[in-house]
Amino acid sequence: MQNVGKGLENSGAGPGPPARSWWQRLEAWGHYCFYLTLRLFGRTGGYLLLLPVVAVYLLGSREIHRRIRPYLRRRFPELNRWRLWLATGKIVHSFGRVLVDRAWLGTGRGRTLEGETIGYERLLKLVSKGQGAVLLTAHVGNWQTALAHLEQLPVPVHALMHYDREAAAKHYFDLGQGRRPFHIISTDGPLGGMVEATAALQRGEVVTIMGDRLVKGSSVSVDFLGDPVRLPDAAYVLAGCVGAPVVAMFAAKTGRRSYLLRIRDIWYPGWQEREQRAEACRQSAARFARNLQEHVDEYPYQWYNFYDFWQQ
Amino acid sequence: MEDLKEKLKHILIDEIKLQGITPADIKDDMPLFGDGLGLDSLDAVELVVLIQKHFGVQISDMEEGKKAFTSIANLADYIREHQA
């Protein structure tokens, strides 16, 4: 299993030193057992293997409780210590199921989950206007699996993201059979990939961005679950400058074999004078945060930002 | 060519709203990003859109843009080459 304590994009073991530590060897052996189980016993085997792994994390890692607690305290202020502990277990378990699904999909041909995209027709209509679109999503639900279905869009899809070759993300998109559904624009490149993202939008293409994770760069402060949090604002500058819409879209695992991708909101960030840009971006980020809050109200145990989100 | 550089300087000041700077303060070889004029990645978005709007030239990736974005002189060269 992945190290859930580091969050989705940073949950791999990392390049590491040439001489592997006992923990890295143990982790590598764990990966081998995990994929062997998937091959021999399918997804059900993966889910069963998950149970002792989750138990070990819950009982043996104070870190995972510490990292999830800031979210749970705000989402469930009424829970006592014991119920918070259980809620942590639910989140770790749901994250594990998402990883199992992703590995299962990535290691076999023709495997799919049954999915529904609410608002897909609206997205198609927007894309057909040729203005491009900024798809803004978050680390909730099985977002990578769900995003794979965007390959059906009639225009190229790009993901503006920090690309960690060792991250959990690779287990679906990189271990698959060369079918990564989108082109990655790395934020580690010159000017954070913004030039490439702008050009893609100008060509009428789609750029997906994680609207919740602030790694570096410009940000604004908005309210989320009752407290201020800093969110990146690059997506709104991109959309506003090019005249493209922002589409807030979130994924959720809705059953053993099913997922939901819901387009919750669409709007056009805009400003008349440049001095108004910062406030326009703040309003857009606040709108995104409200949409995200509605989503976690509905799917509270599918929140996968495993760090103090309010301190980012 | 001088007209093009002057126009670019006015675009930077009037539309990207560089504060407290006149066209005469912007040297042709002054770096646009980081040290120099101090533009950032969000300004790059605006600059790419403004170049498309004013000159009909698209900068599609940083392979192309890397040299163009180093100074006003190189940006003017880029625009002139791609307008032809």
Side-chain angles (χ1 to χ4, degrees), chain A residues 130-132 134 156 158 160 162 183-205 207 209 214-220 231-244 246 269-278 280-282 284-285, chain B residues 7-23 26 30-72 74-79 81-83:
Chain A
Q131 297 173 326
V134 175
H158 308 263
L160 183 63
H162 166 68
H183 163 252
I184 289 176
I185 299 174
S186 173
T187 54
D188 298 325
L191 298 175
M194 295 298 274
V195 171
E196 286 85 348
T198 307
L201 290 174
Q202 286 179 318
R203 293 192 299 267
E205 296 169 2
V207 177
I209 299 175
L214 178 63
V215 179
K216 59 183 177 182
S218 180
S219 64
V220 290
L231 296 180
D233 61 357
Y236 314 113
V237 174
L238 265 175
C241 285
V242 179
V246 167
W271 48 89
Q272 294 295 319
E273 300 294 330
R274 196 173 188 272
E275 292 80 2
Q276 300 165 341
R277 188 181 85 178
C281 287
R282 197 199 60 74
S284 279
Chain B
K7 188 170 181 184
L8 283 170
K9 292 174 185 177
H10 280 284
I11 286 171
L12 286 174
I13 290 166
D14 298 338
E15 303 203 41
I16 298 194
K17 305 284 185 191
L18 291 178
Q19 303 282 332
I21 291 179
T22 66
I26 304 176
M30 187 182 274
L32 299 179
F33 293 88
D35 295 338
L37 283 179
L39 301 185
D40 62 19
S41 61
L42 298 186
D43 296 322
V45 174
E46 288 200 64
L47 194 52
V48 169
V49 171
L50 288 169
I51 289 167
Q52 164 96 26
K53 176 180 154 190
H54 287 282
F55 306 105
V57 171
Q58 189 177 57
I59 300 175
S60 55
D61 59 51
M62 280 308 289
E63 287 300 312
E64 292 181 359
K66 197 178 282 181
K67 189 177 174 201
F69 279 155
T70 52
S71 66
I72 287 287
N74 286 331
L75 187 55
D77 283 344
Y78 181 89
I79 291 169
E81 284 169 18
H82 287 77
Q83 272 182 323

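In what follows, chains carry the letters A, B, and so on, assigned in the order in which the sequence lines appear, proteins first and then strands, with residues in each chain numbered from 1. Both backbone and side-chain heavy atoms feed into the values below; hydrogens, waters and symmetry mates do not.
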- prompt: Should we say atom NZ of A:K216 is surrounded by more than 12 heavy atoms from elsewhere, each under 6.0 Å from it?
  reply: yes
message: For A:V195 versus B:A44, what's the shortest heavy-atom pair and its separation?
response: CG2-CB, 4.3 Å
Least distance between heavy atoms, A:R203 atom then B:S60 atom: NH1-CB, 4.0 Å
- request: Please check if atom CD in A:E275 has more than 12 non-hydrogen atoms from other residues, nucleotides or ligands closer than 6.0 Å.
  value: yes
Rounded distance [0.5 Å steps], CG in B:D40 versus CE in A:M194: 9.0 Å
Proximal component of B:I16, with respect to chain A [non-hydrogen, under 4.5 Å]: both
query: Among A:C281, A:S218, A:C241, which one satisfies side chain to side chain contact (heavy atoms under 4.5 Å, CB included) with B:L42?
result: A:S218
task: Go through the steps for B:V49 and A:Q202 under the test side-chain contact (heavy atoms from CB on, under 4.5 Å), then give the verdict.
output: CA-CA 8 Å; B:V49 171; A:Q202 286 179 318; 4.1 Å; yes
